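One structure below.
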Amino acid sequence: MSNSKLYQKACEFMPGGVNSPARAFGGVGGEPVFIKRGEGCRMFDSDNKSYIDYVLSWGPLVLGHAHPHVVDAIHETAQNGTSFGAPTELETQLAELLVSQFKSIDMIRFVNSGTEATMSALRLARAHTGRAKIIKFAGNYHGHADMLLAQAGSSLATLSQSASAGVSENAVADTLIAPYNNLEAVKNLFENNRQQIAGIIVEPIAGNMGLVLPESEFLPGLRKLCDEHGALLIIDEVMTGFRAALPGAQTLYDVKPDITCLGKVIGGGLPVAAYGGRREVMHQVSPLGSMCQAGTLSGNPLGMASGLATLKGWLRENVFDNAAKRAEQLILGIREIAHSKGVLIQSAHVGTMFGFYFLKEPGQVKNFADAQRLVDTERYAKFFHAMLDQGYYFAPSAFEAGFVSAMHQPEDIAKTLKAIDKALA
Ligand SMILES: *Cc1c(COP(=O)(O)O)cnc(C)c1O
């Protein structure tokens with residue numbers, strides 16, 4: 001069946017024809033392509049068109065599509081059964097690997113999605129401190145748990161409103177919102193809510209409003225404020241873990257969280273996520289402690305095998321660094337092309353993540369309000385379709401980070417840059 005027919009049929013049975021909204025191309029218009037298979041840095045759709053993929057399942061596929069080591073690991077594991085609801089050695093192996101990578105993590109709990117990881121991390125911060133309120137940043141995305149679907153209300157950084165139908169004002173009453181990169185706002189929140197704030201949750205590099213880097217004093221400043229006020233710092237590395245740096249953005253910016261959330265890469269394309277932290281904090285988690293959190297499929301053997309095979313390949317010498325060079329090559333190229341054509345852009349790359357905005361006017365995006373004001377989403381939509389037509393799959397929204405894998409070769413990037421030159425002509 002063609003992409004178009006598949007899409008029509010999907011729309012009959014699933015809202016918008018998809019199981020996660022960004023896939024529906026709402027941000028760029030047009031119909032989504034339906035993917036049949038992937039190999040290396042490429043995907044093939046139902047019309048047999050091939051694309052060089054810069055979305056990579058929104059981050060996880062650091063070794064590209066259908067890497068033989070990952071596929072073999074899943075296959076071999078599946079032959080012995082797909083789930084037991086009882087402990088397996090694979091869980092300890094992945095846990096040990098992650099704990100050995102992150103200095104801030106002594107113990108870890110596996111869950112099935114980033115949403116679960118952040119939701120549980122907040123519960124843990126509340127259990128540990130006996131306080132209710134949490135601080136999050138506008139434009140940071142932490143999954144779709146109720147209390148994290150809050151947006152800044154009328155007077156920014158004070159009142160929060162629900163950001164979704166079906167999320168009650170009560171559910172976000174304890175969620176305080178501050179602008180990203182604004183320590184002063186966070187300080188004020190602490191001062192106006194003394195002894196009430198359980199923790200701060202933050203994307204150490206914002207990757208869900210495009211790619212926005214933290215200013216140098218931002219993350220250390222959050223750490224300091226948490227220490228002064230007895231709150232926990234939760235760093236959400238679901239996207240940045242094993243992407244921005246090895247093992248994560250917290251290493252890059254030398255800041256030690258109390259709780260880290262992981263996801264995406266650690267499952268290598270299967271539904272695996274985790275939260276972990278200091279031993280004393282993790283001892284609060286059931287069955288050791290009184291904080292309830294469970295999961296029928298948590299630590300699933302297929303996910304553990306996929307995560308282990310993916311990380312083993314990714315952590316081999318120079319693999320990450322070479323991929324990071326590809327991200328740099330892409331962004332330097334884009335800058336040059338945009339400059340030569342007089343197109344206003346803001347761009348960044350960090351490790352194997354990259355991002356670029358087309359701007360409506362000169363300015364710099366440092367937070368969500370800037371992004372909403374400055375970013376030219378129409379221009380991005382045109383760019384997106386011009387690239388899709390030529391066989392390059394970028395994120396179907398102007399407010400997403402992009403990714404490269406170990407399978408993207410310098411020639412692939414060079415070809416992509418030629419196509420970008422054409423798209424911006
Ligand atoms: C993707 C993402 C999540 C949510 O993960 P899911 O597995 O989609 O639930 C949470 N936090 C960040 C920073 C993410 O990028």
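Values in this document were obtained by computation on a predicted structure and should not be read as measured data. Both counts, for ligands and for their atoms, begin at 1 and track the order of listing.
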### Query
When you check the gap from the basic side-chain N to the acidic O, do Asp106 and Arg278 get nearer than 4.0 Å?
no
### Message
Checking His283 now: which residues fulfil side chain to side chain contact (heavy atoms under 4.5 Å, CB included) with it, not counting sequence neighbours?
### Response
Met107, Arg279, Leu288
### SB check Asp412 Arg42 (cutoff 4.0 Å)
yes
Starting from the N and O atoms of ligand 1, collect every protein N/O partner closer than 3.5 Å and put each pair on its own line with the distance to 0.1 Å.
unit_1   : atom_1 : unit_2 : atom_2 : d
ligand 1 : 5 (O)  : Gly114 : N      : 3.4
ligand 1 : 7 (O)  : Gly114 : N      : 2.8
ligand 1 : 9 (O)  : Gly114 : N      : 3.3
ligand 1 : 9 (O)  : Thr115 : N      : 2.8
ligand 1 : 9 (O)  : Thr115 : OG1    : 2.7
ligand 1 : 11 (N) : Tyr141 : O      : 3.3
ligand 1 : 11 (N) : Asp236 : OD1    : 3.4
ligand 1 : 11 (N) : Asp236 : OD2    : 2.7
ligand 1 : 15 (O) : Asn208 : ND2    : 3.2
ligand 1 : 15 (O) : Lys264 : NZ     : 2.6

### Message
The test is side-chain hydrogen bond (donor to acceptor under 3.5 Å, both in side chains); show your working for Ser286 and Gln293 and say whether it passes.
### Response
CA-CA 6 Å; Ser286 174; Gln293 193 273 303; over 6 Å; no
### Task
Classify the angle between the aromatic ring planes of Tyr380 and Phe358 as parallel (below 30°), tilted (30 to 60°) or perpendicular (above 60°).
tilted
### Donor-acceptor pair, side chain of Asn80 and main chain of Thr77, under 3.5 angstrom
no
